[in-house]
Amino acid sequence: MLTCWLISEDGNHEPLPLPHYQRVTLGRGPETTIKDKKCSRHQVELKADCNKGYVKVKQLGANPTFVDSVEVGKGMEVKMEPGQQLHIVNQLYPYTVHFMEDLSGEPPPAKRPREPPSGEVADSKGASNVKVAKQANHTPSSGRESATSNNEKPGIWSNGLKATMQDPKMQVYKDDKVVVIKDKYPKALYHWLVLPWESIPNMKALRGEEHCDLLRHMQQVGQRMVAQCKDTPALRFRSGYHAIPSMSHIHLHVISQDFDSPALKNKKHWNSFTTDYFIDSQDVIQMLEKTGKVTVKDGTSELLKLPLRCHVCHKELATIPSLKEHLKTHISV
DNA sequence: GTTCTAGAAC
DNA sequence: GTTCTAGAAC
C-alpha cells in the first residue's frame, strides 16, 4: 500500500505522514510551525485514503480553509488529490499531498525555501539514494513528532499496537478498513488481532451506524482468518474484545480456545479471555445497534482476580501450572 | 501489554 | 529448599 505525506510548500517543516484512514488534526502548533492567531490549534482534520489516493480535508476552525480555490467551510469536508493545494487558513500555509511507495518509512525530501548558507554536509554518494538497512520498527509515525492531536506518543508502551499494525512484516491481512496482525504474545495456538485503520481508542469511543458497519466488517475478517486456518476443524475459536484493554487502539481478539501458549503466564491473562471480561464481538455489535454505544459493567476489572477455572469443565485449579496440566486433558486428537 | 523480583506458599 | 504469585517499573 502507498504511504501519504503532507508537504509544506513553504518548506516550513519536514513532510508529515498521513497514515491510511487515521484522522490527523493540524493547526497552529509545533508540527506546522504556524503561529498565526487566525489559525485554530485544531484548524483541519485530514484523513488519507491510500488506496483511492486522496485525502479528505475537514475544516474545524472558524476561519476558512481552502482546497485550491474552494472554501471548505466549518464542519464541512472536501476531497483533495495530489496536485491540488491546501491552504490551512485563508490563502496562507500552502500544502500538497504525495502518495508514494513505502520503502523504508523515510519521508520524501522537504521543500527548500532557499539554499542553506554554504558548507552543507553534502551526501558524499551524490545522487545515489543509498538506503541503509535499518531494523524493523521504523514506521512513518515513529521517531518523529506526531501530528495527531491525541496522546499518541509512539514511545508509550500502550501505543505499541499503532506501530505494529503499520509494519508490513506484521500484517497477515489488510483491506481498505482493517488490518490483521498476529498477537506478539499469543495466548493460544492461534491469536490474531483485527484493527481498524481509523484510530478508535476504545469501545467507549464507538458511536452509531458507521462504527457498527466497521465492527461487523472486523468480525467478518476475523471469521475469514478462522476459515483459512488449517487447524480450524480441530479447534474452537472465539472473537471478542477485552472490556478494559491495556493497549490503546481498538482491537478484536480472534483466539483459539486451546490456550496452549508459553505467553499465557498469569491469572490476569487467563481471566481476561475466559470470564465476562472477554465480550463476544456479536454482543458488542448488538449493544451498539440497540443503544448506539457500548458500556462496560461496574466491577468488570474485579473479574481478573477470580480463581482460576477451566473454561471447558469449570473445574477450579490452584495455580497456573496446574491449570496448564489440566488443559491437556481437554485436547481432542 | 511485558519484565523483574520479593516474599508468600508449599 | 523450590515454586509461584503479585505488584512495581517500564
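Just so you know, these numbers use all the heavy atoms, side chains as well, and skip hydrogens, waters and symmetry mates.
Side-chain N/O atoms of Gln85(A) and Asp68(A) include no donor and acceptor closer than 3.5 Å. Judged by distance alone, the side chains of Ser281(A) and Gln219(A) do bring a donor and an acceptor atom under 3.5 Å apart.
Classified by interplanar angle (parallel below 30°, tilted 30° to 60°, perpendicular above 60°), the ring pair Tyr95(A)/His13(A) is tilted. Taking the six-membered ring where tryptophan is involved, the planes of His191(A) and Phe273(A) are perpendicular, since the angle between them exceeds 60° and thus also 30°. Phe237(A) and Tyr190(A) have tilted rings, their planes meeting at an angle from 30° to 60° on a 0 to 90° scale.
Judged by the 6.0 Å distance and 45° axis criteria, Lys177(A) is not positioned over the aromatic ring of Tyr21(A).
Dense packing is recorded around CG of Asn266(A), with more than 12 heavy atoms of other residues, nucleotides or ligands lying under 6.0 Å away.
Across residues 319-331 of chain A, Thr319(A), Ile320(A), Pro321(A) each have a non-hydrogen atom less than 4.0 Å from an atom of DNA chain C (numbered order).
Heavy atoms of His269(A) sit under 4.0 angstrom from primed sugar atoms or phosphate atoms, though from no base atom. Within the 4.0 angstrom heavy-atom criterion, only backbone atoms of the sugar-phosphate kind lie near Lys187(A); the bases stay farther away. In this structure, Lys268(A) reaches neither bases nor backbone, as no heavy-atom distance under 4.0 Å exists between it and the strands shown.
Where DNA chain C meets chain A (any atom under 4.0 Å from a heavy atom), the bounding nucleotides read 5' to 3' are dC4(C) to dC10(C).
Salt bridge annotation for Lys111(A)-Glu14(A): absent, with no cationic side-chain nitrogen under 4.0 angstrom from a carboxylate oxygen.
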